[in-house]
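In each ligand, atom 1 is the first atom listed, and ligand 1 is the first ligand listed. Predicted, not measured: the structure shown is a model, and the values here were computed from it.
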Amino acid sequence: MKKDKVSIIMGSQSDWKTLQLAENILNDFKISNEVKIVSAHRTPERLYRYAKNAHKNNIKVIIAGAGGAAHLPGMVASLTKIPVLGVPIESKLMNGLDSLLSIVQMPYGIPTATFAIGEAGAKNAALFAVSLFANTDKNISKKLSKWRDDLTKAVSVIPKRK
Ligand code: RP5
């Protein structure tokens with residue numbers, strides 16, 4: 001039986017340095033994943049093929065990162081019912097505000113989740129995918145509880161002076 005997986009897609013090679021943080025987290029939780037460049041503007045036919053085949057490829061969640069005129073998450077969401085988690089990439093000209101608004105302002109009927117701009121968004125999208133998998137997988141659920149406990153423990157009461 002094929003394993004359920006998370007698919008991480010991005011509009012450009014330049015998005016990889018952000019999206020690799022999502023891949024790292026999925027790998028830490030041993031969640032099967034794949035990574036692809038799929039551009040809404042430069043490779044529209046690849047986007048169409050990818051989205052139309054996603055369901056039969058056992059993809060359960062799609063993390064889609066894009067910057068600037070960030071149409072990738074919304075376009076993919078329009079072609080599949082698989083949940084799409086949008087990550088706005090921190091763009092050079094507007095620090096990612098353009099990406100954020102492009103992703104978050106979806107018209108009624110075709111939702112995409114939208115995360116924070118840049119690295120925090122990539123990591124949180126992966127952790128959100130982990131939470132979705134934790135609903136039906138006890139091992140992942142246990143690991144996520146431990147991960148959260150460790151996060152809490154790592155916050156000291158008194159700030160460290162350098
Ligand atoms: C978007 O355009 C990509 O998601 C990327 O964030 C942005 C810039 O792409 P490059 O010019 O760096 O390839 O489609």
(message) Please list all pairs meeting salt bridge (charged side-chain N to carboxylate O under 4.0 Å, His left out) that have one or both residues in residues 149-162, counting only residues at least two apart or in different chains.
(response)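 Counting only pairs at least two positions apart or across chains, the salt bridge (charged side-chain N to carboxylate O under 4.0 Å, His left out) contacts touching residues 149-162 are K146-D150.
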(request) Select the closest option to atom 4 (O) of ligand 1 among T43, D15, V38, I9, judged by heavy-atom distance. (result)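 Going through T43, D15, V38, I9 one by one, D15 has the nearest heavy atom to atom 4 (O) of ligand 1.
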(request) Would you tell me which option among S39, G67, G11, S12 has the nearest heavy-atom contact to atom 1 (C) of ligand 1? (result)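 The nearest heavy atom belongs to G67.
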(message) Applying the side-chain contact (heavy atoms from CB on, under 4.5 Å) criterion to L19, which one of I9, I89, V35 satisfies it?
(response)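 With L19 as partner, side-chain contact (heavy atoms from CB on, under 4.5 Å) holds for just one option, I89.
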(request) Please work out whether the ring planes of H41 and H71 are parallel, tilted or perpendicular, with thresholds of 30° and 60°. (result)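 Geometry flag for H71 against H41: perpendicular rings.
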(request) State the atoms of ligand 1, each with its element, that fall below the 4.0 Å cut-off from a heavy-atom position in A66. (result)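 Counting from 1, the qualifying ligand atoms are 4 (O).
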(message) Are Y50 and I59 packed together at the side-chain level, in the sense that at least one heavy-atom pair is separated by less than 4.5 angstrom?
(response)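 Yes. Closest side-chain heavy atoms under 4.5 Å.
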(request) Please work out whether any backbone atom (N, CA, C, O) or any side-chain heavy atom from C-beta onward of Q13 is under 4.0 Å from ligand 1, and answer side chain, backbone, both or neither. (result)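 Under 4.0 Å from ligand 1, Q13 contributes no heavy atoms.
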(request) Please report which non-hydrogen protein atom sits nearest to atom 11 (O) of ligand 1, along with the residue it belongs to and the distance in Å to one decimal place. (result)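 Minimum-distance protein heavy atom for atom 11 (O) of ligand 1 reads R42 NH2, 3.2 Å.
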(request) Provide, to 0.1 Å, the distance between atom 8 (C) of ligand 1 and the closest protein heavy atom, together with that atom's residue and name. (result)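 For atom 8 (C) of ligand 1, the nearest protein heavy atom is S14 OG, 4.1 Å.
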(message) Does the residue H71 have a heavy-atom contact with ligand 1, meaning some pair of atoms that are separated by less than 4.0 Å?
(response)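 H71 does not count as a contact of ligand 1 under the 4.0 Å cut-off.
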(request) Kindly write out the residues that satisfy ring-ring contact (aromatic ring centres under 6.0 Å, His included) with H55, not counting sequence neighbours, or none if the list is empty. (result)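 Residues passing ring-ring contact (aromatic ring centres under 6.0 Å, His included) with H55: none at all.
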(message) Check whether S91 reaches the backbone of G96 with its side chain - one donor and one acceptor, N or O, closer than 3.5 Å.
(response)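 A pair under 3.5 Å: yes.
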